[in-house]
S.K.: 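This is the structure I have questions about; it appears just below.
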Amino acid sequence: MADSAWSQIEAYIAEIEGTSCNDKESLEQFRIRFLGSKNVLKSLFGEIKNVENERKKEFGQKLNELKSLAETKFSTTQSELKKVDRAGAKQDMDMSLPAQPYPKGSRHPISIVMNRIIDIFEKIGFVVSEEREIEDDWHNFTAMNTPEDHPARDMQDTFYLKDSVTNLLRTHTSSVQSRVMTSTEPPIRIIAPGRVYRNETISARSHCQFHQVEGLFIDKNVSFADMKQTLLYFAREMYGPDTKIRLRPSYFPFTEPSAEMDVYWGLKDEIDYRITKGTGWLEILGCGMVDPNVLKNCNIDPEIYSGFAFGMGIERQAMLKYNISDIRLLFENDVRFLKQFSTVI
Ligand code: DAH
């Protein structure tokens, strides 16, 4: 019995060496025969007990050699077949097919308009200043000369934080003015883009969150004429070189005198009549000379320094530019809407 076991080993060695598997199926057959759970080598291992003692070790070694021969044969054949597979796949590839379209992101219309405004002011030396959206009462209202009983302070308009009488979601980017003035020595020349919040009923025309860009210029001898020239430059960059502007007297607690700026939109069609209420003029921003009280509140001496400030909403400008009729679309993040704005990242 042991003799035939010896010759069986030789026979298997010869068989393994002589086998060539050209496909996965024949390799699988090979695996089952030599390495599977019921492989043919198992009975040979059972023969060890019948081998005479002095040759047991040799027999065991021979069997182990046989087993590792089978293992090596299997793994080398397997990796060769994989290589062939990959080469085949390459050959099947059609290099003339158009590439898969790569989805390009696009900027949000609010960002496009905001970046444009930032660019325009950066060109004349304004720097961007970004500040917190959760503000305190002092920076949002008190410092900005907004008396305690001012309607803007009413709970109706302002979102106060839960359990807080002082912390709120800023109602305007004017809060950045007080932040910057209390922490920076003049001259100051900043623009502050950002999101603001008001407790307003959401409709096609108004939302409880929106965006503003604030501007602040503080230095010695800053005049109303400087403000007008700066805003005229802005309007012409933004709306075209022939744009006409007008400043109408207005009231804001933090500026004195205060004004609102309109650009001439024209009355070409019915829509122009509607958006300009029949006047042809469109209100773009609020502005004015910084009230001396605001400077004092922020530790800037109004006898030495003066300045102007302005603030504008972004949503309406974006809606006009892109003909968007419902403000809610700007906050819903529906990709079908957003991907229409062609300016790519
Ligand atoms: N903060 C005002 C608002 O939200 C806009 C504004 C008006 C800002 C006049 C200013 C300004 O800086 O001078 O309605």
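Just follow the structure's listing: the first ligand is 1, and inside any ligand the first atom is 1. These numbers come from a predicted model, not from an experiment.
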S.K.: Flag the pair R246 and D262 as a salt bridge only when some basic side-chain nitrogen lies within less than 4.0 angstrom of an acidic carboxylate oxygen.
M.R.: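 Yes, this pair counts.
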S.K.: Taking only non-hydrogen atoms of M312, do any sit less than 4.0 angstrom from ligand 1?
M.R.: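 So M312 does not count as touching ligand 1.
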S.K.: Assert yes or no for the condition that the ring centre distance of F30 to F74 is strictly below 6.0 Å.
M.R.: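 Centroid separation for F30 and F74: 6.0 Å or greater.
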S.K.: Can you see whether N53 engages K56 through a side-chain donor-acceptor pair at a distance of less than 3.5 angstrom?
M.R.: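 K56 and N53 do have a side-chain donor-acceptor pair below 3.5 Å.
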S.K.: Please evaluate residues H172 and R198 with respect to the criterion side chain to side chain contact (heavy atoms under 4.5 Å, CB included), reporting the C-alpha separation (whole Å), side-chain torsions for both, the decisive distance (0.1 Å), and the verdict.
M.R.: CA-CA 9 Å; H172 52 183; R198 282 181 208 173; 4.0 Å; yes
S.K.: Q212 heavy atoms, cut-off 4.0 Å: which ligand 1 atoms fall inside?
M.R.: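 Every atom of ligand 1 under 4.0 Å from some heavy atom of Q212: 3 (C), 4 (O).
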S.K.: Could you tell me which atoms of ligand 1, counted from 1 in the order shown, lie closer than 4.0 angstrom to a heavy atom of F252?
M.R.: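 The atoms of ligand 1 under 4.0 Å from a heavy atom of F252 are 7 (C), 9 (C).
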S.K.: Just going by heavy-atom distances, which of R198, E214, M144 is nearest to atom 4 (O) of ligand 1?
M.R.: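 Comparing heavy atoms across R198, E214, M144, the nearest one to atom 4 (O) of ligand 1 lies in R198.
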S.K.: Would H172 count as a polar contact of ligand 1, with the cut-off being nitrogen or oxygen pairs under 3.5 Å?
M.R.: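 Yes, there is a polar N/O contact under 3.5 Å.
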S.K.: Quick one: sort the W6 and F59 rings into parallel, tilted or perpendicular, breaks at 30° and 60°.
M.R.: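 Perpendicular.
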S.K.: Looking at T255, which atoms of ligand 1 are within less than 4.0 Å of one of its heavy atoms?
M.R.: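 Taking each heavy atom of T255 in turn, ligand 1 has 13 (O) under 4.0 Å.
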S.K.: Please verify whether a non-hydrogen atom of F254 lies at under 4.0 Å from ligand 1.
M.R.: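 Within the 4.0 Å threshold, so yes.
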S.K.: Is there a nitrogen or oxygen of A309 sitting under 3.5 Å from a nitrogen or oxygen of ligand 1?
M.R.: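 Yes, there is a polar N/O contact under 3.5 Å.
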S.K.: Enumerate the atoms of ligand 1 whose separation from the nearest heavy atom of Q177 is less than 4.0 angstrom.
M.R.: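 Listed by number with element: 12 (O).
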S.K.: May I ask you to decide whether K62 forms a salt bridge with E10, counting only side-chain N to carboxylate O separations under 4.0 Å?
M.R.: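 Salt bridge present between K62 and E10.
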S.K.: What atoms of ligand 1 come within less than 4.0 Å of a heavy atom belonging to S174?
M.R.: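 Near S174, meaning under 4.0 Å from one of its heavy atoms, ligand 1 has 1 (N), 8 (C).
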S.K.: Report yes if some heavy atom in the side chain of V176 is under 4.5 Å from a heavy atom in the side chain of E214; otherwise report no.
M.R.: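 A side-chain contact under 4.5 Å is absent here.
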S.K.: Could you walk me through whether E237 and K123 satisfy the salt bridge (Lys or Arg N to Asp or Glu O under 4.0 Å) test, starting with their C-alpha distance in whole Å, then the side-chain angles of each, then the deciding distance to 0.1 Å, before giving a yes or no?
M.R.: CA-CA 11 Å; E237 288 284 312; K123 272 199 226 162; 3.2 Å; yes
S.K.: Short list, please: which atoms of ligand 1 are under 4.0 Å from a heavy atom of G288?
M.R.: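 Contacts of ligand 1 toward G288, numbered from 1: 13 (O).
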